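Start at 1 and go down the list; that is how both ligands and their atoms are numbered. Counting begins at 1 with the first residue of the sequence. Everything numeric here is computed off the predicted structure, so don't read it as measured data.
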Amino acid sequence: MRVLVAGATGAVGRQLSPRLEAAGHEVVGLSRRGPRPVDVLDAEAVRRAVSSIAPDAVVHQLTDLGGADGAANDRLRVDGTRNLVDAARAAGVRRIVAQSISWAYAPGDGPADESVPFDPTEEAPRARIVAGVRALESAVAELPESVVLRYGILYGPGTWYAPGGAVAAALAGDPAARFLGSTAADDSVSSFVHVADAAEAAVRALEWPSGAYNVVDDEPAPGHAWLPVLGAALGVPVPERSGGRAGWARGALNARARALGWAPARTSWRTGFADQGA
Ligand SMILES: NC(=O)c1ccc[n+]([C@@H]2O[C@H](COP(=O)([O-])OP(=O)(O)OC[C@H]3O[C@@H](n4cnc5c(N)ncnc54)[C@H](OP(=O)(O)O)[C@@H]3O)[C@@H](O)[C@H]2O)c1
């Protein structure tokens, strides 16, 4: 099928396009840079682009995280997704696959599956992040067929967690290093996923039943467990172990995606951090 990849130049998008082509799809990329420059915040420009591409499916891998500006990313989730969905509906697109996150769940003990509701918190900035995720997920559900991939924290080439990336710089003490996330060696639990596994899930999701799927590795882990392994892989020091956990920092379970045949090639950050690939 003809697949429009929105965010084709991003960390996941770059892994995704060759995989889609290898699976026999025709790929058309959309982003602000590249051969077909479109700003998804410009509703009319998106409408024109999607209508002229006339895709069978849209894969939404748009984020605005390059500047580590959470508010810009929230705006892209709300307004960019709105424009993309409106354009897809106007062009008669049946299916959309969209990138979401696996850490918007309500607080609780143990990793969350997809049945856990979103965090009802009213505390800033988390309330705004959850509202953006909610808006993205409900907008894409307006298409006849929609799959939401709730990714874990991405690592691998082009991400903040790669060798030489922003997390390594922050741990090495660079005050200019900018990323969103925590480097506390505490009890807060995170789930990770390598960008190649994230991309592979998006290829497969073109065939999945509508719904939300956690796309995370097999080992949700507290900061005091994963941070020393990351530090060793990146060759940088890490903070001393501390305590405490945000109630929502609980990790996520991948059984639903696994049941449809997806499995992470990198089953755990434990070996994955040291083998992120080029
Ligand atoms: N879940 C996560 O942990 C997560 C997810 C994604 C990214 N990140 C982090 O963010 C950093 C940057 O990664 P990245 O380059 O993949 O992400 P990015 O800068 O957030 O961009 C992602 C994609 O969206 C496109 N895009 C952004 N705003 C757009 C707009 N207004 N209109 C059209 N397209 C738009 C970008 O292309 P153009 O810039 O060409 O428009 C790119 O293709 C990395 O260090 C990565 O670790 C983290």
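Under a 4.0 angstrom heavy-atom cut-off, Phe192 registers as lying outside contact with ligand 1. Heavy atoms of Gly13 come nearer than 4.0 angstrom to ligand 1 in no pair at all.
Aromatic ring centroids of Tyr155 and Trp269 lie 6.0 Å or more apart. Under the 6.0 Å cut-off for aromatic ring centres, Tyr161 and Phe273 do not qualify, their centroids lying 6.0 Å or more apart.
Between Arg258 and Ala263, the closest heavy-atom pair is NH1-CB, 3.7 Å. Annotation for Leu234 and Ala168: closest pair CD1-CB, 3.8 Å, computed over non-hydrogen atoms. When every heavy atom of Pro157 is checked against every heavy atom of Ala278, the shortest pair comes out as CG-O, 2.9 Å.
Ligand 1 places these atoms under 4.0 Å from at least one heavy atom of Asp64: 20 (O). Atoms of ligand 1 lying under 4.0 Å from at least one heavy atom of Gly158, given by number and element, are 44 (C), 45 (O), 46 (C). Residue Val38 has at least one heavy-atom neighbour below 4.0 Å for each of these atoms of ligand 1: 32 (N), 33 (C).
Nearest protein neighbour of atom 35 (C) of ligand 1, counting heavy atoms only, is Leu62 CD2, 3.6 Å. For atom 21 (O) of ligand 1, the nearest non-hydrogen atom of the protein is Thr63 O, 3.1 Å. Regarding atom 14 (P) of ligand 1, its nearest protein heavy-atom neighbour is Ala11 N, 3.7 Å. The shortest contact between atom 43 (O) of ligand 1 and any protein heavy atom is with Thr9 OG1, 2.7 Å. In this structure, the protein non-hydrogen atom closest to atom 8 (N) of ligand 1 is Leu65 CD1, 3.4 Å. The nearest protein atom to atom 32 (N) of ligand 1, hydrogens excluded, is given as Val40 N, 3.0 Å; this is a heavy-atom distance. For atom 40 (O) of ligand 1, the nearest protein heavy atom (residue, atom name, distance) is Arg33 NE, 2.8 Å. Closest protein heavy atom to atom 11 (C) of ligand 1: Trp160 NE1, 3.7 Å.
Residue Asp109 places its CG atom among 12 or fewer non-hydrogen atoms of other residues, nucleotides or ligands, all under 6.0 Å distant.
When the options Leu136, Val93, Val140, Val58 are evaluated for a side-chain contact (heavy atoms from CB on, under 4.5 Å) with Val85, the one that passes is Val140.
By the 3.5 Å distance cut-off applied to N or O atoms, Ser31 is counted among the residues near ligand 1. Where the criterion is an N or O separation shorter than 3.5 Å, residue side chain and backbone included, Gly7 meets it with respect to ligand 1. For the pair Arg14 and ligand 1, the shortest N or O to N or O distance does not fall below 3.5 Å. In terms of N/O distances under 3.5 Å, ligand 1 is approached by Asp39. The shortest N/O to N/O separation between Gln99 and ligand 1 does not fall below 3.5 Å.
Counting heavy atoms under 4.0 Å from ligand 1, residue Ala8 touches it through the backbone alone. Counting heavy atoms closer than 4.0 Å to ligand 1, residue Leu76 contributes side-chain atoms (C-beta onward) but none from N, CA, C or O. Of the heavy atoms in Trp103, only side-chain atoms (C-beta onward) come closer than 4.0 Å to ligand 1.
Using bins of under 30°, 30° to 60° and over 60° for the plane-to-plane angle, the ring pair Phe118/Tyr105 lands in the parallel bin.
Side-chain contact annotation: Asp218 with Asn254, donor-acceptor N/O pair under 3.5 Å present.
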**Item:** Stepwise salt bridge (charged side-chain N to carboxylate O under 4.0 Å, His left out) test for Glu142 and Arg82
**Value:** CA-CA 10 Å; Glu142 293 171 19; Arg82 176 79 268 148; 2.7 Å; yes
Throw together a table of side-chain donor-acceptor distances under 3.5 angstrom for residues 40-55, partners on residues two or more places apart or in other chains.
| residue | atom | partner | partner atom | Å |
| --- | --- | --- | --- | --- |
| Asp42 | OD1 | Glu44 | N | 3.3 |
| Asp42 | OD1 | Ala45 | N | 3.1 |
| Ser52 | OG | Ala49 | O | 3.2 |

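Within the 4.5 Å cutoff, the side chain of Asn214 has heavy atoms near those of the Glu114 side chain. Contact annotation: the side chain of Leu149 never approaches that of Gln99 to less than 4.5 Å [non-hydrogen atoms, C-beta and beyond].
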